[in-house]
Number of protein chains: 2
Amino acid sequence: MNKQEILIIDDEPQIRKLLEITLESHDYKVIQAETGKQGLLMAANHPPELILLDLGLPDSSGHEILKELRQWYNKAIIILSVQNSEHDIVTALDNGATDYLSKPFRTAELLARMRSAIRQNQSSNTVSCIEIGDLHIDWTARSIRKNDELLKLTATEYNLLSLFAKNEGRVLTHQYILKEIWGVGYQTETQYLRVFVAQLRKKIEDNPNQPRHIITESGVGYRFQ
Amino acid sequence: MNKQEILIIDDEPQIRKLLEITLESHDYKVIQAETGKQGLLMAANHPPELILLDLGLPDSSGHEILKELRQWYNKAIIILSVQNSEHDIVTALDNGATDYLSKPFRTAELLARMRSAIRQNQSSNTVSCIEIGDLHIDWTARSIRKNDELLKLTATEYNLLSLFAKNEGRVLTHQYILKEIWGVGYQTETQYLRVFVAQLRKKIEDNPNQPRHIITESGVGYRFQ
DNA sequence: AGTCTTTTTTACAAAATCTTTACACCTGAT
DNA sequence: ATCAGGTGTAAAGATTTTGTAAAAAAGACT
């Protein structure tokens with residue numbers, strides 16, 4: 001089996017070196033770019049399985065690079081950013097980042113998130129049904145089962161759960177969810193989201209007070225797992 | 001036993017080659033078309049057991065080809081597509097696609113879905129009757145029994161129940177049902193559907209107020225079970 | 001034509017769903 | 001401790017969707 005390629009876009013040599021050593025020792029093939037521009041070129045020439053993108057790049061904002069990449073690149077992009085930049089994180093997720101990690105990060109966590117993101121690359125290929133924990137979602141039948149028992153969801157609840165399921169493990173921002181489910185112009189109606197998340201939790205969680213599927217990421221959005 | 005014929009309609013030669021090799025090694029006979037038009041001709045000349053149709057064709061939209069095919073071809077059509085948009089999927093399934101797979105796909109999954117689709121061909125060809133709960137539908141005799149008692153249905157009621165029975169467990173959208181029963185151009189006449197669903201329920205449900213066969217999926221359509 | 005059956009309209013009642021409001025809760029900062 | 005910001009929950013409206021009955025129209029048959 002071929003090694004999976006990871007592209008690192010980061011201007012700090014010591015970070016690149018650290019990532020290189022860590023990732024290669026876990027059997028990934030690492031390619032590196034020092035600037036955003038260089039990263040775009042390398043990704044285009046030889047699309048990697050996953051991209052690690054630092055937001056604080058010297059030549060142009062990492063956000064711009066992310067947008068450019070997302071115009072054609074549909075595999076995982078994990079954002080690396082310095083702490084205390086919640087706004088940056090929200091913007092990045094809105095622009096299609098798969099996940100984010102604050103520097104400094106723990107390698108175990110990075111590796112876990114990378115595995116999850118790469119798994120998504122593969123699972124997003126299959127469309128007609130998916131199994132997540134005790135949930136079974138069949139998009140052709142438009143049905144949701146929990147432990148083989150058919151759940152009765154309203155159209156909006158179904159759409160919301162679908163969106164979550166298609167982005168398993170990934171943080172979706174309030175804005176993004178609202179745009180996807182209710183359409184542009186509803187991005188400030190976060191209350192809708194709270195109401196429907198509560199309703200969904202009542203239906204799919206064993207214990208809605210301690211949700212294990214729909215996780216709140218305070219100040220950012222929700223993560224489904 | 002003769003090999004089963006599969007028709008591939010796809011403009012990308014490398015995809016066709018890949019499919020050809022894969023399918024032939026699993027004992028299918030493969031025929032190929034590069035354009036939608038050519039595919040229609042080949043299917044008409046020699047109807048295959050299953051069609052693999054790419055949505056992104058150069059000469060006309062795959063959706064159009066699908067519609068054309070479905071006017072007379074009633075065996076399995078599996079859609080292949082790079083797109084992953086919900087809208088495309090819904091449209092394709094509404095237009096009569098048997099199943100849907102996003103590229104790139106895993107061969108094991110493709111083969112599994114093909115087997116399932118071909119199994120459906122046979123069951124829908126040979127099976128002349130079906131038993132669902134207390135209902136017995138005999139398509140050759142064109143008769144419906146409930147607990148061995150012959151029901152008297154009008155032509156439209158019979159068509160509607162047939163459609164439901166052939167899609168047991170699946171949600172059928174209002175639009176789809178209207179198109180199938182009344183034809184294109186009636187897709188906005190949802191009131192017809194309400195009237196006939198009510199009539200059917202009176203005849204087949206034990207308690208029409210609490211239907212157990214024809215389930216309403218508010219805002220979407222109906223599910224038969 | 002006239003009767004019978006079936007389909008299409010119409011009108012309104014009933015149910016389900018969505019939206020809004022109100023308030024409780026939790027967490028971290030002052 | 002108090003406060004503010006974000007979050008969770010229940011429940012009251014408002015709105016949309018669905019169900020039902022029954023009349024009108026359209027065929028089908030004798």
Side-chain angles (χ1 to χ4, degrees), chain A residues 83-84 86-87 89-90 93 142 144 151-161 164 171-175 177-178 180-183 185-224, chain B residues 142 144 151-164 171-178 180-183 185-224:
Chain A
Q83 249 174 351
N84 299 332
E86 184 157 277
H87 177 256
I89 291 168
V90 173
L93 292 169
R142 210 189 161 85
I144 315 274
L151 292 187
K152 174 111 189 101
L153 299 188
T154 72
T156 309
E157 288 163 5
Y158 174 87
N159 290 340
L160 184 56
L161 182 55
F164 277 137
V171 178
L172 303 179
T173 65
H174 301 132
Q175 284 218 338
I177 300 170
L178 286 162
E180 289 296 309
I181 305 294
W182 281 270
Y186 288 78
Q187 284 146 3
T188 54
E189 306 285 349
T190 50
Q191 177 58 20
Y192 289 11
L193 197 46
R194 285 195 213 106
V195 171
F196 277 87
V197 163
Q199 282 172 3
L200 258 187
R201 279 176 174 158
K202 267 196 249 172
K203 294 186 181 181
I204 67 171
E205 301 281 1
D206 289 325
N207 180 1
N209 297 329
Q210 292 176 355
R212 296 184 54 253
H213 279 120
I214 305 179
I215 309 300
T216 301
E217 298 279 341
S218 195
V220 183
Y222 295 94
R223 181 197 301 271
F224 183 76
Chain B
R142 212 187 156 79
I144 316 273
L151 293 185
K152 180 162 169 53
L153 300 188
T154 73
T156 310
E157 288 163 5
Y158 175 85
N159 291 339
L160 185 55
L161 182 56
S162 274
L163 182 66
F164 278 136
V171 175
L172 303 180
T173 63
H174 300 131
Q175 284 216 338
Y176 176 78
I177 300 170
L178 286 162
E180 288 297 307
I181 306 295
W182 281 270
Y186 287 79
Q187 284 147 5
T188 54
E189 306 285 349
T190 51
Q191 179 57 21
Y192 290 12
L193 196 46
R194 283 191 217 113
V195 171
F196 277 87
V197 164
Q199 283 172 3
L200 259 185
R201 279 176 174 158
K202 269 194 241 170
K203 295 186 181 180
I204 67 171
E205 301 281 1
D206 289 325
N207 179 1
N209 297 329
Q210 293 177 358
R212 295 184 55 254
H213 281 304
I214 305 179
I215 309 298
T216 301
E217 296 280 341
S218 194
V220 185
Y222 294 94
R223 179 201 309 272
F224 184 75

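Numbers restart at 1 for each chain; the letters A, B, ... are given by sequence-line order, proteins then strands. Excluded from the calculations below are hydrogen atoms, water molecules and symmetry mates; all remaining heavy atoms, backbone and side chain alike, are included. Just so we're clear, the structure is a prediction, and the values are computed from it rather than from any experiment.
Taking 4.5 Å as the limit, some side-chain heavy atom of B:H174 sits within range of a side-chain heavy atom of B:Y222.
Note on B:K202: a side-chain N or O is less than 4.0 Å away from OP1 or OP2 of D:dA21. Phosphate proximity of D:dT17 to B:H174: absent, as no side-chain N or O sits under 4.0 Å from OP1 or OP2. Contact annotation: B:N209 does not reach the phosphate of C:dA15 (side-chain N/O to OP1 or OP2, under 4.0 Å). Residue A:T216 places at least one side-chain N or O closer than 4.0 Å to OP1 or OP2 of D:dG8.
Here the side chain of B:R201 pairs a donor or acceptor atom with the backbone of B:I214 at under 3.5 angstrom. Within the 3.5 Å criterion, the main-chain N or O of B:H213 finds a donor-acceptor partner in the side chain of B:E205.
For B:W182, whose side chain is taken as the heavy atoms from C-beta onward, the closest listed nucleotide among D:dT7, C:dT8, C:dT7 is C:dT8.
Of the residues in residues 188-197 of chain B, those with a non-hydrogen atom less than 4.0 angstrom from any atom of DNA chain D are B:Q191, B:R194.
Straight-line distance from the CD atom of A:E157 to the P atom of C:dC18: 7 Å, rounded to whole Å. Remark: P of D:dT18 and CD1 of B:I177 are 11 Å apart, rounded to the nearest angstrom. For A:K203 and C:dA16, the NZ to P distance is 12 Å, given to the nearest whole Å. Per the geometry, CG belonging to B:L160 stands 12 Å off P belonging to C:dT8, to the nearest Å. Atom-to-atom, CG of A:L200 to P of D:dT7 comes out at 17 Å; the value is rounded to the nearest Å. In this structure, B:Q210 atom CD and C:dA16 atom C1' are separated by 15 Å, rounded to whole Å. Here D:dT17 presents its C1' atom at 13 Å from CD of B:E217, a figure rounded to the nearest Å. Distance A:I181 CD1 to C:dT17 C1': 15 Å, rounded to the nearest Å.
Residue contacts for A:Y186: at a heavy-atom cut-off of 4.0 Å it reaches no nucleic acid atom on any strand shown.
Residue-to-nucleotide proximity on DNA chain C shows that, of B:S218 and B:T156, the 5′-proximal contact is made by B:T156.
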Go through the steps to decide whether A:F196 and A:I181 satisfy the test side chain to side chain contact (heavy atoms under 4.5 Å, CB included), and finish with yes or no. CA-CA 11 Å; A:F196 277 87; A:I181 305 294; over 6 Å; no

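Residues that satisfy the side chain to side chain contact (heavy atoms under 4.5 Å, CB included) test with A:K203, not counting sequence neighbours, are A:L153, A:E157. Under the rule for a salt bridge (Lys or Arg N to Asp or Glu O under 4.0 Å), A:K202 has no partner lying at least two apart in sequence or in another chain.
Classified by interplanar angle (parallel below 30°, tilted 30° to 60°, perpendicular above 60°), the ring pair A:Y192/A:Y186 is tilted.
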